[in-house]
Colleague: 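Input: one structure, supplied below.
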Amino acid sequence: MMKYLFMLLFLIPMLTNWWLFMIVMFIMSFLFLFYYSNNFFCGLSYGFGMDILSYCMIYLSIWLILLMLLASNQVKFNKNNINEFIFILYIMLFFLILTFSSLNLLLLYIFFESSMIPILFLIFGWGYQPERLVAGMYLLFYTLFASMPLLLCVFYLYYYCNTLFFFMISIDCNLYLYIGLILAFLVKMPMAFFHFWLPKAHVEAPVSGSMILAGVLLKLGGYGLCRVFYFIWNYSLSLNWFWVVFSLFGGMLLSILCLCQVDIKSLIAYSSVVHMSLVICGIMTLSFYGFFGALVLMLGHGLCSSGLFALANILYERSFSRSLFVNKGYIVIMPLISMFWFLFVINNIASPISLNLLGECLLLNCLVGWDFLNMFFLGIISFFGCCYSIYLYSIVQHGSLYSGLSDFCSGKFREFLLMFYHFIPLNLLFLKIDIFMLWL
């Protein structure tokens, strides 16, 4: 693990060369692919190590940072602070690797909060509209407000347990400790009714910010919940039903709300909250299929939602608008991009053979087995998920073309490469899905 962190440090001299940095990231992703051994925790140092959960999240982070560089060609074309942009991505990757490999609760908290700094710089520095300042403040204060109880709980645990390593903490949990430990991660995911910062941040962020926000930063919450439940699961068994019901009800309302959106990025952002509500429910059941399905759906959603945001940016570069009323009829001039729109939209509603299908099947089985009454909420979420996905695809691809389009290019090699790099792992990782089961 440490050799990859040192490799990141030595990438600093390459920050002046956009393509060289991208090639090195690509090579690093393939080196990391073959790094994992069959040990439960490998690459152990005093405070860092990896299991399958950490490995998957770190690899997803490296892969998406590479794709963010590929998608942000306008930053390079317009010479919009290129070196600073690459440095922000580099710092973000550094913090994400440290977060996902932390075995200590205090280190997890520090790097969990530190990973918010680069995304704030991305939104403030390369966002689209003046409202990005308000969006950044929403992100900052929602996260900080919810994470203050977590810091107090970390100090409390160290005082009574004399250790903060996940597998060595043993304590009689109480209600305040339980809520304090999980609240920060629930808001980060985000849980329904605490999600108001997410659509604002997505709409105002550049394409790179939206990709990493939906692809990795939302998964920090799921990762933190999985780690915290190592030592509070016994107390949680009698209380987790509340979060399951709360998330299912919120997911149902938000899936209906998606049909009311007129901004493409806002619609994709609300669909992300719906998917994360299912992940929260799976983790809260504390069952094998719940944790397994949550991991698979986090990976699938990270690739699928990142691809949808990249597709939305492709349209934005041509029409300079994210409105569904302006972006119409692209199937006439961009048939291949329309094909990718179709593929990612159906993957978003869990079509075969994507990771989303496997993750949602596992989570639906888990939740229906946990309580059969969940079938009502899950049925409504699935139905409206199909509705808003068809609504998004049909409006964007059909209808009359906007007369003010400035670029009639049917697609560039960079855009097709970006879509393939999202699509291939999303739809081929099911061939090796047994490796994810080694986590539990």
Side-chain angles (χ1 to χ4, degrees), residues 52-53 56-57 60 182 185-186 188-192 195 214-215 218-229 233 236-237 240-255 258 270-305 346-389 426-427 429-430 433-440:
I52 287 288
L53 176 63
C56 292
M57 293 296 107
L60 183 65
I182 68 174
F185 302 121
L186 289 173
K188 190 70 173 181
M189 291 199 69
M191 186 176 62
H195 67 278
L218 299 189
K219 281 68 185 175
L220 285 170
Y223 176 82
L225 285 178
C226 293
R227 293 303 188 213
V228 163
F229 279 131
W233 66 271
S236 307
L237 288 173
N240 280 359
W241 64 269
F242 173 77
W243 305 110
V244 175
V245 175
F246 196 70
S247 294
L248 282 176
F249 180 69
M252 180 186 70
L253 293 183
L254 289 170
S255 62
C258 284
Y270 276 107
S271 73
S272 296
V273 182
V274 176
H275 282 95
M276 287 300 103
S277 67
L278 292 178
V279 172
I280 292 173
C281 293
I283 294 174
M284 289 298 175
T285 59
L286 300 178
S287 63
F288 171 79
Y289 282 109
F291 279 90
F292 181 32
L295 171 59
V296 175
L297 187 57
M298 283 194 291
L299 285 176
H301 174 264
L303 291 164
C304 185
S305 64
I346 63 169
N347 281 346
N348 198 44
I349 52 176
S351 68
I353 48 182
S354 66
L355 286 178
N356 289 27
L357 175 70
L358 179 64
E360 290 198 16
C361 284
L362 290 167
L363 289 175
L364 262 61
N365 280 322
C366 164
L367 291 170
V368 173
W370 188 75
D371 191 332
F372 186 75
L373 295 176
N374 291 336
M375 181 67 79
F376 172 74
F377 294 107
L378 293 171
I380 293 178
I381 290 174
S382 301
F383 173 75
F384 281 104
C386 184
C387 289
Y388 65 70
S389 297
L426 176 60
N427 286 273
L429 273 179
F430 82 99
I433 199 63
D434 56 314
I435 193 171
F436 300 121
M437 300 181 69
L438 298 176
W439 172 37
L440 296 170

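Computation of the quantities below employed the complete heavy-atom set of this structure, encompassing side-chain atoms and omitting hydrogens, waters and symmetry-equivalent molecules.
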Colleague: For Phe242 and Phe246, take the angle between the two ring planes, folded into 0 to 90°, and tell me which bin it lands in: parallel under 30, tilted 30 to 60, perpendicular over 60.
Modeller: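 Taking Phe246 first and then Phe242, their aromatic rings lie parallel (interplane angle under 30°).
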
Colleague: Roughly how far apart are Leu186 CG and Ile280 CD1, rounded to 0.5 Å?
Modeller: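 Atom-to-atom, Leu186:CG and Ile280:CD1 are 5.5 Å apart.
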
Colleague: Identify the heavy atoms of Leu248 and Cys281 that sit nearest to each other, and give their distance.
Modeller: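 That would be CG-SG, 3.7 Å.
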
Colleague: Looking only at heavy atoms, which two atoms of Phe430 and Leu355 are closest? And how far apart?
Modeller: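 Heavy atoms only, the tightest pair is N-CD2, 4.1 Å.
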
Colleague: Any side-chain heavy atom of Cys226 sitting closer than 4.5 Å to one from Phe291?
Modeller: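 Side chain of Cys226 against side chain of Phe291, heavy atoms only: contact under 4.5 Å found.
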
Colleague: Do the side chains of Leu303 and Asn356 get nearer than 4.5 Å, heavy atoms only?
Modeller: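 When only atoms from C-beta onward are counted, Leu303 and Asn356 do not touch, as no gap falls below 4.5 Å.
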
Colleague: How close do Cys258 and Ser271 get, heavy atom to heavy atom, and via which atoms?
Modeller: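 Result for this residue pair: SG-N, 3.7 Å.
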
Colleague: Distance from Leu362 atom CG to Leu278 atom CG, nearest 0.5 Å?
Modeller: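 Output value for this atom pair is 12.0 Å.
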
Colleague: Using side-chain heavy atoms (C-beta onward) and a distance below 4.5 Å, is Leu299 in contact with Lys219?
Modeller: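 No; the side chains remain at least 4.5 Å from each other.
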
Colleague: What's the spacing between Leu363 CG and Asn374 CG if we round to 0.5 Å?
Modeller: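 Atom-to-atom, Leu363:CG and Asn374:CG are 11.5 Å apart.
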
Colleague: Please report the interatomic distance CG(Leu254) to CZ(Phe249), rounded to the nearest 0.5 Å.
Modeller: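 Those atoms lie 10.0 Å apart.
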
Colleague: Taking the side chain as every heavy atom from C-beta outward, state whether Tyr270 and His195 have any pair of such atoms under 4.5 Å apart.
Modeller: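 Yes, side chains in contact.
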
Colleague: Measure the CZ-OG distance between Phe384 and Ser382 for me, rounded to the nearest 0.5 Å.
Modeller: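 Result: 11.5 Å between the selected atoms.
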
Colleague: Which pair of heavy atoms, one from Val274 and one from Gly251, lies closest together, and at what distance?
Modeller: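 That closest heavy-atom pairing would be CG2-O, 3.8 Å.
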
Colleague: Measuring only between side-chain heavy atoms, which start at C-beta, is Leu218 closer than 4.5 Å to Pro190?
Modeller: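 Leu218 reaches Pro190 side chain to side chain.
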
Colleague: Closest approach of Gly300 and Leu426, non-hydrogen atoms and distance?
Modeller: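 What the structure gives for the nearest pair is O-CD1, 3.4 Å.
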
Colleague: Can you tell me how far the CG atom of Leu297 sits from the CG atom of Leu357, to the nearest 0.5 Å?
Modeller: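 Here the rounded value is 10.5 Å.
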
Colleague: Is the shortest side-chain heavy-atom distance between Met284 and Ile182 below 4.5 Å?
Modeller: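 Answer yes - side chains close enough.
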
Colleague: Pair Met191, Met276 - check side-chain contact (heavy atoms from CB on, under 4.5 Å), show working.
Modeller: CA-CA 7 Å; Met191 186 176 62; Met276 287 300 103; over 6 Å; no

Colleague: Are Trp233 and Leu237 side-chain neighbours, meaning at least one heavy-atom pair lies under 4.5 Å?
Modeller: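 Side-chain contact under 4.5 Å: yes.
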
Colleague: Please state whether the rings of His301 and His275 are parallel, tilted or perpendicular, taking 30° and 60° as the class boundaries.
Modeller: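 His301 and His275: tilted rings.
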
Colleague: Is there a side-chain contact between Ile380 and Phe376 in this structure, where contact means two heavy atoms from C-beta onward sitting under 4.5 Å apart?
Modeller: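 Counting from C-beta outward, Ile380 and Phe376 do come under 4.5 Å.
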
Colleague: Please table the atom pairs, donor to acceptor, closer than 3.5 Å between any side-chain atom in residues 365-372 and protein atoms at least two apart or in another chain.
Modeller:
unit_1: Asn365; atom_1: ND2; unit_2: Cys361; atom_2: O; d: 3.1
unit_1: Asp371; atom_1: OD1; unit_2: Leu373; atom_2: N; d: 3.0

